[in-house]
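Notes follow the structure.
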Amino acid sequence: MSDIIAYKDHNNEYYDHEIENGIPVKSKSEDALNIMRHDMAHILAEAVTQLFPNAKPTIGPFIKNGFYYDFDMESTLSDEDLIKIEEKMREILNEGRSFIKRTVSKEEALKIFKDNKYKVELINNLDNSAEINLYDQKNFTDLCKGPHHSSTKDYEANIKITSVSGAYWRGISTNKMLQRIYATAFYSEKELNKHLKNLEEAKERNHRRLGTDMGLFLLTDLSAGNVFWKEKGLTLYQNIEKFIRSEQQKLDYKEVKTPELVSNELLVKSGHWDNFQENMFTSEKDNKTFALKPMNCPCHIVLFNSQLITYKDLPLRYSEFGKCHRYEPSGALNGLFRVRGFTQDDAHIFCTDEQIYDACNETTQLIERVYKKFGFEKIKYNISTKPEKSIGSQESWDNAVNQLKKVLTDNGKDFKILDGEGAFYGPKIEYTLEDSLGREWQCGTIQLDFNLPERLGARYKDKDDKNQTPIMIHRAVVGSLERFIAIILENTNGWLPLFITPIQLAILPVSEKFVDHCNDINSKLKDLDVRAIVDSSDNKLGYKIRNSVSKKIPYSLVVGEKEIETKTFNVRSRKGENTSFKNIEELNEFFKNN
RNA sequence: GCCGCCGUAGCUCAGUGGUAGAGCACACCCUUGGUAAGGGUGGGGUCGGAAGUUCAAUUCUUCUCGGCGGCACCA
């Protein structure tokens, strides 16, 4: 039997027949796993249609880590239903199924699927020249371009239905909502369990739980989508801000603070009022309309315009930890990941065409430096180019895109081009980081803007004393501080990098006798900017250690008779490793350097 | 906004048509203890909110607010 089950092209599209320059897909490979999961989607559809004869199958692709199938059904699926479906799938798998391909005419296909308007729609949308393939299995036939394994007997499939949710037909929100069943499948039970355990772990690492346990912040329905920062959370927030600020100062950024509430006059001029009014919080006073700013750029241009700027002032870098508000649909809110009030680590660089390269180059290096410091090493880069609807000449777009490409290339980065994905006003680079659970987060961005400076009348004088319009570069490193804090919390499971963690050290007296001594140490450490607390409870040492570890305090300092006599400082890491220091300065060094 | 699930003490969660319970946390007492839980006692919630059904609702129904998993959205 051949080891090759399918072919794929260079866009990772799979085919059930050999193609020109096709890459063979070998059985049990990563690609084969996708195909196997697609097989399972068909098995799922058979199970569902057997149990619910009126269910109309629509589409069921494989996705990252699994697959789904969307059904139009009369009743919604309960947890018990899912268990039954999963059992049915196992039953079917025990019997085994062959996937037999058959090519039919359009008329035939329409006849076969006449009771399923979704399949009819799909068939009618196919090119007239396109071959229409069906895959037959016992009790189920699906419209499908394949490929499939010839039989489920070719492998062992370990399946698990993971969830059910609503999903619009064809992803269009005016269409009917279907029921989507998510599931996953692996060749071995071991891999399946590992994946399920991973999901569990991700749940455990939930930043909402960590935030509550660590006393960082409060989310309450008294202001849905807005964060109440507690003192420890604010320390964390400020430490992140502090680090980014210091990096920006090295690059001659000028930090500013602009109003959160602005007259809509500004937003009308900038064009945001026309396009995004629905997403702003507004209020009326003095017969005027005000809005909470949804972004900082118009305000920065107001500052730019308030003074005479010449070419000598460029590039001019305005940065702001700007509090913005956006009305997000209720269903979009999600912990700190998606909020209505957030702080952008925003900046706008005003510059000339010639300065684009340098500005973007220093920014990409800045972004990388910051990510690295926070423990993110894996970064993906995308460049988005001119969309169909856009402003600015083709020439200026080409120039700008080439500069962006050159920046990444010169910095030794691989990147993807997302054709036509740029904003209407300019191209951009997006920075996506990968966390320790393999999840990806788009955080940083560099976005060129050929529109807004012109619209708001930004001008500088060139060497010939003529007015020119600057290019504006929007850039953010971590994006929203709120979201970034959620990402770091989940990435580290609460074991935050030492330089930002709210409490670095728990000072633990062995008994009450040593509490005063501990307080003395703490006040000295305070002067040295080490963030410590003294546990003066009357619990035993083991208990105090357990407590400080469970509060995610990375180090503890045990103080008792021995330490006072020998004048040493014994620091215990959360893993139980001990390090001894001779004096408080040495101890301080340790905290400064870790 | 849409589909589904959920909302009980500070936290995690159990439970019932007759006004609630555990563990952790907290307070007090005993213990003055050396590297991940010493022992005892005690306080604390009207079960998200509103309305309805009922002799009686935290438990059933409807509405509403909020959360979660997705979908849609994300300048």
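Below, read A as the first sequence line, B as the second, and so on, with proteins coming before strands; counting in each chain starts at 1. Only a predicted model underlies this, so the values are computations on that prediction, with no experimental measurement involved. Hydrogens, waters and symmetry mates are skipped; everything else that's a heavy atom, side chains included, is used.
The nucleotide whose nearest atom lies closest to any side-chain atom of A:Val558 is, among B:U35, B:C73, B:G66, B:U35. Which of B:C24, B:A75, B:C11 sits closest to the side chain of A:Asp213 comes down to B:C11. Closest to the side chain of A:Tyr168, out of B:C71, B:G34, B:A75, is B:C71. If you check B:C3, B:U35, B:A36 against the side chain of A:Arg546, the one that comes closest is B:A36. Considering only the side chain of A:Glu512, B:U32 comes nearest among B:U32, B:G70, B:C73. Residue A:Met177 places its side chain closer to B:C2 than to any other of B:C2, B:G34, B:C11.
Contact check on A:Glu121 versus A:Arg170 returns a salt bridge, with a Lys/Arg side-chain nitrogen under 4.0 Å from an Asp/Glu carboxylate oxygen.
Residue-level contact check: A:Gly171 touches the backbone only, with heavy atoms under 4.0 Å from sugar-phosphate atoms and none from bases. Using a 4.0 Å heavy-atom cutoff across all strands shown, A:Arg208 reaches sugar-phosphate atoms only and no base atom. Residue A:Leu219 is out of contact with every strand shown, counting any heavy-atom pair closer than 4.0 Å. Base engagement by A:Asn279 is indicated by at least one non-hydrogen atom pair under 4.0 Å involving a base atom.
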Between the protein and nucleotides 45-47 of chain B, which nitrogen or oxygen pairs come in under 3.5 angstrom?
none

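At distances below 3.5 Å, not a single donor-acceptor pair connects side-chain atoms of A:Thr501 with backbone N or O atoms of A:Leu498. Remark: side-chain polar atoms of A:Lys544 are paired, donor with acceptor, to backbone N or O of A:Ser537 under 3.5 angstrom.
Across all strands shown, B:A22 forms a Watson-Crick or G-U wobble pair, both distances under 3.5 Å, with B:U12. Nucleotide B:C2 forms a pair with B:G70, judged by Watson-Crick or G-U wobble geometry with both contacts under 3.5 Å.
Within the model, atoms CD1 of A:Ile181 and CZ of A:Phe67 stand 9.5 Å from one another, a figure rounded to the nearest 0.5 Å.
Taking only distance into account, the side chain of A:Arg338 meets the base of B:C73 through a donor-acceptor pair shorter than 3.5 Å. At a cut-off of 3.5 angstrom, the base of B:G1 holds no donor-acceptor pair with the side chain of A:Glu278. Put simply, the side chain of A:Tyr68 and the base of B:G70 share no donor and acceptor less than 3.5 Å apart.
Taking the six-membered ring where tryptophan is involved, the planes of A:His474 and A:Tyr425 are tilted, since the angle between them lies from 30° to 60°. Between A:Tyr118 and A:Trp169, the ring planes lie perpendicular to each other; the angle is over 60°, past the 30° to 60° tilted range.
Comparing A:Glu561 and A:Met295 along RNA chain B, the residue whose closest nucleotide (by nearest heavy atom) sits nearer the 5' end is A:Glu561.
Cation-pi contact between A:Arg37 and A:Phe186: present, with separation from the ring centre below 6.0 Å and deviation from the ring axis of at most 45°.
Look at A:Ser330 and you'll find a side-chain N or O under 4.0 angstrom from OP1 or OP2 of B:G1.
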